[in-house]
Undergrad: 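Sharing a structure below in structure tokens format, with a few things to ask.
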There are 2 protein chains.
Amino acid sequence: MSDPDPLTDSSNLALGRLRALLDDSSFDAGQRLPPERELATRIGIGRRALRRALEVMEAEGRIWRQQGKGTFLGSRPAHTPTDLADLTKRTHPLEVMDVRLEIEPALARLAAMRASNGDIERLLLLAEKTAATSDADGRELWDSALHRTIAEAAGNSLLLAIFDIVDRIRQDTTWRLLRERARSGERQQIYVEQHRRVIAAIAQREAHAAEQAMREHLELVRDGLLTVMTSPLPDSIDRAVPPEPVTTNNKDRLRHGT
Amino acid sequence: MSDPDPLTDSSNLALGRLRALLDDSSFDAGQRLPPERELATRIGIGRRALRRALEVMEAEGRIWRQQGKGTFLGSRPAHTPTDLADLTKRTHPLEVMDVRLEIEPALARLAAMRASNGDIERLLLLAEKTAATSDADGRELWDSALHRTIAEAAGNSLLLAIFDIVDRIRQDTTWRLLRERARSGERQQIYVEQHRRVIAAIAQREAHAAEQAMREHLELVRDGLLTVMTSPLPDSIDRAVPPEPVTTNNKDRLRHGT
DNA sequence: CCAGCGAACCAGTTGCAAATTGGTTCGCAA
DNA sequence: TTGCGAACCAATTTGCAACTGGTTCGCTGG
């Protein structure tokens with residue numbers, strides 16, 4: 001084997017000076033470092049060498065960088081609860097199903113207790129529509145509308161908002177193929193029947209039955225997802241590319257060996 | 001009683017012309033109307049009269065307006081799931097407690113199954129801290145940290161994000177007094193004991209016991225909230241002003257009677 | 001050949017000023 | 001009293017400039 005990782009002389013020099021600067025200077029945690037261009041001239045070294053050194057320190061977790069913002073000491077601050085846009089990057093389908101299994105049976109139970117007659121009318125209508133639709137897109141739309149109507153009928157605005165969050169993540173485009181495969185075939189018919197059962201329980205105000213029916217439905221959906229995820233793919237379907245790591249430092253990489 | 005609502009002649013005229021313009025013209029649903037100033041001159045009427053007419057149509061649900069954006073046809077679009085900033089305006093404490101009762105027992109159960117030993121160490125430490133603190137602020141902080149640590153230990157990032165959303169709403173400043181009153185007195189000691197029980201169940205990996213203990217805890221918290229909300233206030237505490245309706249159309253109101 | 005450098009360009013972020021819009025007040029005139 | 005125009009206030013959008021890290025390029029000196 002060749003040398004594991006020979007930093008170039010210049011980068012080594014930069015790394016040393018950078019550590020010295022950060023260790024004994026007045027930089028506090030969380031503070032922004034000077035921009036790379038300035039830092040490079042101050043240390044007396046080129047920007048490329050500096051960036052290699054910064055990359056090392058970022059890998060060590062001592063700094064973090066973001067394009068357009070700057071380079072900061074310490075570890076990347078935790079996500080605030082409100083930035084849900086990229087939640088889909090940090091979760092995965094099974095987590096989502098676990099959450100649905102916690103929330104939607106409760107919604108069904110509440111709906112059975114609090115749904116208005118108008119809600120129930122709409123639910124019955126949706127059940128028909130779902131059963132009558134054959135194309136994949138249509139099924140998905142009606143199914144989604146059905147579950148959301150139940151969530152609305154539960155009459156808890158906060159829980160509805162949470163349902164919407166989960167639903168938006170669930171509908172993420174990158175999981176579209178997954179959903180389609182999980183829904184195909186004979187499973188769809190069972191889903192329709194399960195929907196009917198949930199709605200019937202809600203219409204008859206049987207809270208416990210509604211909760212249980214919804215739970216059984218979602219458990220089957222989860223099982224379908226599991227089956228699809230663990231069974232091999234037919235060759236015709238091209239796999240999605242695996243997601244990139246958060247930082248896209250594809251260049252300026254340290255060279256290994258020769 | 002006097003006349004119920006005599007629209008002024010000018011406003012009536014404006015309303016008629018506006019309806020005509022909207023009905024037979026090429027304005028599609030969701031489209032933005034021309035600005036009021038332009039619309040006023042085009043119809044050939046003053047802006048005040050136009051605004052009265054627009055107010056009527058807004059009340060009818062045919063249009064909606066927003067300062068700085070414009071006037072739009074159709075009904076106000078539904079809230080997107082991502083704008084959580086004002087969720088606290090649309091919910092209320094009992095809804096929040098209902099949601100917590102759905103989510104946190106599940107979190108406790110998952111935590112019992114998946115918590116690392118490090119998590120459990122932290123939980124035990126937090127239980128001590130909570131018990132040892134006496135001031136209200138401190139209790140609130142430790143309590144919050146305790147519940148969140150359990151949520152973290154559950155190992156479901158999506159559920160954790162949802163917990164954070166609910167927790168942020170729960171901590172809304174306008175409910176601060178409410179929380180303080182609900183926590184006062186002998187209830188606090190029971191809470192500490194309940195926390196201990198939840199943590200013990202998690203530490204011993206008793207999933208069902210953890211879930212049940214958390215549920216009992218939250219039910220007591222909810223009962224405390226109910227008690228506080230239904231019992232009369234001492235006179236010394238000034239009540240918060242009731243929230244304003246969404247739109248602040250306090251002027252240009254149609255005049256009733258004489 | 002190549003490690004290192006500076007320069008230039010790309011892309012994401014921030015801040016600010018201007019423009020636009022609905023919301024409101026005011027004075028004037030018929 | 002009623003309606004109008006003008007002016008101002010406040011929320012929102014838009015465009016731009018400046019600055020940042022990310023990337024590519026060509027040059028230089030060994």
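Lettering of chains follows the sequences in order, A, B, ..., and the numbering in each one begins at 1.
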Undergrad: Classify the side chain of B:Arg47 versus the base of C:dG23 as yes if they form a donor-acceptor pair under 3.5 Å and no if they do not.
TA: yes
Undergrad: Would the base of C:dG22 count as contacting B:Arg37 through its side chain, where contact means a donor and an acceptor less than 3.5 Å apart?
TA: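 Indeed, a donor on one side and an acceptor on the other fall under 3.5 Å apart.
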Undergrad: Using a strict 4.0 Å threshold on nitrogen-to-oxygen distance, state whether A:Glu60 and A:Arg19 make a salt bridge.
TA: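 A salt bridge is present here (some side-chain N lies under 4.0 Å from a carboxylate O).
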Undergrad: Rounding to a whole Å, what distance do you find between B:Leu33:CG and C:dT21:C1'?
TA: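 Checked: the CG to C1' distance equals 13 Å.
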Undergrad: Is there a side-chain contact between B:Ile169 and B:Trp175, using heavy atoms and a 4.5 Å cut-off?
TA: yes
Undergrad: Which letter, B, S or -, goes with each nucleotide of nucleotides 10-18 of chain D from 5' to 3', with contact meaning a protein heavy atom under 4.0 Å?
TA: BBSS-----
Undergrad: Quickly work out the B:Gln31 CD to C:dT21 P distance and round it to whole Å.
TA: 14 Å
Undergrad: Using a 4.0 Å heavy-atom cut-off, write out nucleotides 25-30 of chain D from 5' to 3' as B (base contacted by protein), S (sugar-phosphate only) or - (no contact).
TA: B-----
Undergrad: Calculate the interatomic distance between B:Leu39 atom CG and C:dG23 atom P; express it in whole Å.
TA: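 In whole Å, C:dG23 P lies 13 Å from B:Leu39 CG.
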Undergrad: So does B:Arg51 get a side-chain nitrogen or oxygen closer than 4.0 Å to the phosphate oxygens (OP1/OP2) of C:dG23?
TA: yes
Undergrad: Which pair of heavy atoms, one from A:Leu146 and one from A:Leu126, lies closest together, and at what distance?
TA: CA-CD1, 3.8 Å
Undergrad: Is the number of heavy atoms from other residues, nucleotides or ligands under 6.0 Å of B:Gln66 CD greater than 12?
TA: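 Check passes, neighbour count above 12.
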Undergrad: Would a distance-only check, ignoring hydrogens and angles, find a side-chain to backbone donor-acceptor pair under 3.5 Å from A:Arg179 to A:Arg170?
TA: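 Yes, the answer is positive, given that a donor and an acceptor are paired below the 3.5 Å cut-off.
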Undergrad: Without swapping roles, check the side chain of B:Ser144 against the backbone of B:Leu141 for a donor-acceptor pair under 3.5 Å.
TA: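 Answer holds: no.
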Undergrad: Please determine if a side-chain N or O atom of A:Thr71 lies less than 4.0 Å away from the OP1 or OP2 oxygen of D:dT20.
TA: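 No, A:Thr71 has no side-chain N/O under 4.0 Å of OP1/OP2 on D:dT20.
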Undergrad: In this structure, how many angstroms lie between the P atom of D:dG21 and the CZ atom of A:Arg76, rounded?
TA: 13 Å
Undergrad: Under 4.0 Å between a Lys/Arg side-chain N and an Asp/Glu carboxylate O for A:Arg222 and A:Asp98?
TA: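 A salt bridge is present here (some side-chain N lies under 4.0 Å from a carboxylate O).
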Undergrad: Would you indicate whether the side-chain heavy atoms of A:His147 and A:Phe163 approach each other to under 4.5 Å?
TA: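 A side-chain contact under 4.5 Å exists here.
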Undergrad: Is A:Arg32 near enough to D:dT20 that one of its side-chain N or O atoms lies under 4.0 angstrom from OP1 or OP2?
TA: yes
Undergrad: Could you check how far CG of A:Leu54 sits from C1' of D:dG22, rounded to whole Å?
TA: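 Atom CG in A:Leu54 sits about 12 Å away from atom C1' in D:dG22.
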Undergrad: Report the distance from atom CZ of A:Arg52 to atom P of C:dA3, rounded to the nearest whole Å.
TA: 9 Å
Undergrad: Please report the distance, rounded to the nearest Å, between CG in B:Leu50 and P in D:dC4.
TA: 10 Å
Undergrad: Please give, in whole Å, the distance from D:dT20 P to A:Ile63 CD1?
TA: 16 Å
Undergrad: Taking NZ, NE, NH1 and NH2 as the nitrogens, is one of them in A:Arg148 or A:Asp164 under 4.0 Å from a carboxylate oxygen of the other?
TA: yes
Undergrad: Please determine if a side-chain N or O atom of B:Arg65 lies less than 4.0 Å away from the OP1 or OP2 oxygen of C:dG23.
TA: yes
